[in-house]
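This report refers to the structure that appears directly beneath it.
Counting begins at 1 with the first residue of the sequence. Just so you know, these numbers use all the heavy atoms, side chains as well, and skip hydrogens, waters and symmetry mates.
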Amino acid sequence: QVQLVESGGGLVQAGGSLRLSCAASARTFSSYAMGWFRQAPGKEREFVAAINWSGGSTYYANSVKGRFSISRDNAKNTVYLRMNSLKPEDTAVYYCAARYSRSSDLNKYEYDYWGQGTQVTVSS
């Protein structure tokens, strides 16, 4: 079992920045690819960003490319999502997910463990 705990969400004005963190309990964190997803009210959970086991490969949704950055620190069992130039449409609950594979995936059904989510609200 892997427990994931997100933090760093909050209320920010449009154009502002936030950094989300996700701490994992996995003994072998580097065995897991990690992803960030988000879900706005009344909408499906959607892919935001993903990173492979080493941090050498990253992927982003088109809607966040150039504004968001995913990274990981395997020594700290933590994955991060840096969010810049935030827009009101980025408002959602953001979830961290772990996939028992060294390769990341954009498909939420490929992930094995999920955090409880952290709310991000961007005001206009």
Quiz item: Closest approach of Val120 and Leu20, non-hydrogen atoms and distance?
Solution: CG2-CD2, 4.1 Å

Quiz prompt | Least distance between heavy atoms, Pro88 atom then Ser124 atom | solution = CG-CB, 3.8 Å

Quiz item: By side chain to side chain donor-acceptor pair (under 3.5 Å), which residues pair with Asn107, not counting sequence neighbours?
Solution: none

Practice problem: Can you run down the ring pair (Phe, Tyr, Trp, His ring centres under 6.0 Å) pairs that involve residues 39-62, sequence neighbours left out, and say none if there aren't any? | Solution: Phe37-Phe47

Exercise. Applying side chain to side chain donor-acceptor pair (under 3.5 Å), name anything that partners Arg82, two or more places apart in sequence or on another chain.
Key: Asn84

Self-check item: Interatomic distance, Ser57 atom OG to Ile70 atom CD1 [nearest 0.5 angstrom]
Solution: 11.5 Å

Exercise. Under 4.5 Å between side-chain heavy atoms, chaining through other members, with only Ile, Leu, Val, Met, Phe, Trp and Tyr counted: pull out the rest of the cluster around Val5, sorted by chain and number.
Key: none

Practice problem: May I have the step-by-step check of side chain to side chain contact (heavy atoms under 4.5 Å, CB included) for Tyr111 and Ser104, ending in yes or no? | Solution: CA-CA 9 Å; Tyr111 287 80; Ser104 59; 4.1 Å; yes

Practice problem: For Ser123, enumerate each residue passing the side chain to side chain donor-acceptor pair (under 3.5 Å) test, keeping only those at least two apart in sequence or located in another chain. | Solution: none

Self-check item: Value rounded to 0.5 Å, distance of OG in Ser17 from CG in Leu86
Solution: 6.0 Å

Quiz item: At their closest point, which heavy atom of Val93 faces which heavy atom of Gly117, and how far apart are they?
Solution: CG1-CA, 3.8 Å

Self-check item: Interatomic spacing from CZ in Arg72 to OG1 in Thr58 - rounded to 0.5 Å
Solution: 12.0 Å

Practice problem: Heavy atoms only: give me the nearest Leu81-Ala49 pair and the separation to one decimal. | Solution: CD1-CB, 4.1 Å

Quiz item: Do any pairs count as a salt bridge (Lys or Arg N to Asp or Glu O under 4.0 Å) and have a residue in residues 23-39, sequence neighbours left out, and if so which ones?
Solution: Arg38-Glu46, Arg38-Asp90

Practice problem: Answer yes or no: is there a side-chain heavy-atom contact under 4.5 Å between Met83 and Trp36? | Solution: no

Practice problem: Mind listing the closest non-hydrogen atom pair of Val48 and Val64 along with its distance? | Solution: O-CG2, 3.6 Å

Practice problem: Please list all pairs passing the disulfide (SG to SG under 2.5 Å) test where one or both residues lie in residues 60-112, with sequence neighbours left out. | Solution: Cys22-Cys96

Quiz item: Got a sec, which pairs hit salt bridge (Lys or Arg N to Asp or Glu O under 4.0 Å) with one end in residues 104-124, sequence neighbours left out?
Solution: Glu44-Lys108, Arg99-Glu110

Quiz item: Judged by atom type as modelled, is there a donor-acceptor pair below 3.5 Å linking the side chain of Thr78 to the main-chain atoms of Ala23?
Solution: no

Self-check item: Pair listing, ring pair (Phe, Tyr, Trp, His ring centres under 6.0 Å) test, anchored in residues 83-109, at least two apart
Solution: Tyr32-Tyr100

Practice problem: Would you mind listing every ring pair (Phe, Tyr, Trp, His ring centres under 6.0 Å) that reaches into residues 65-85, with sequence neighbours excluded? | Solution: none

Quiz item: Pairs in or reaching into residues 1-10: which pass side chain to side chain donor-acceptor pair (under 3.5 Å), with residues at least two apart or in two chains?
Solution: Glu6-Gln116

Quiz item: With Lys43, which residues qualify under side chain to side chain donor-acceptor pair (under 3.5 Å), at least two apart?
Solution: none

Quiz prompt | Heavy-atom pair of closest approach, residues Val2 and Ala26 | solution = CG2-CB, 3.9 Å

Quiz prompt | Approximate separation, where rounding is to 0.5 Å, of Leu11 CG and Gln119 CD | solution = 9.5 Å

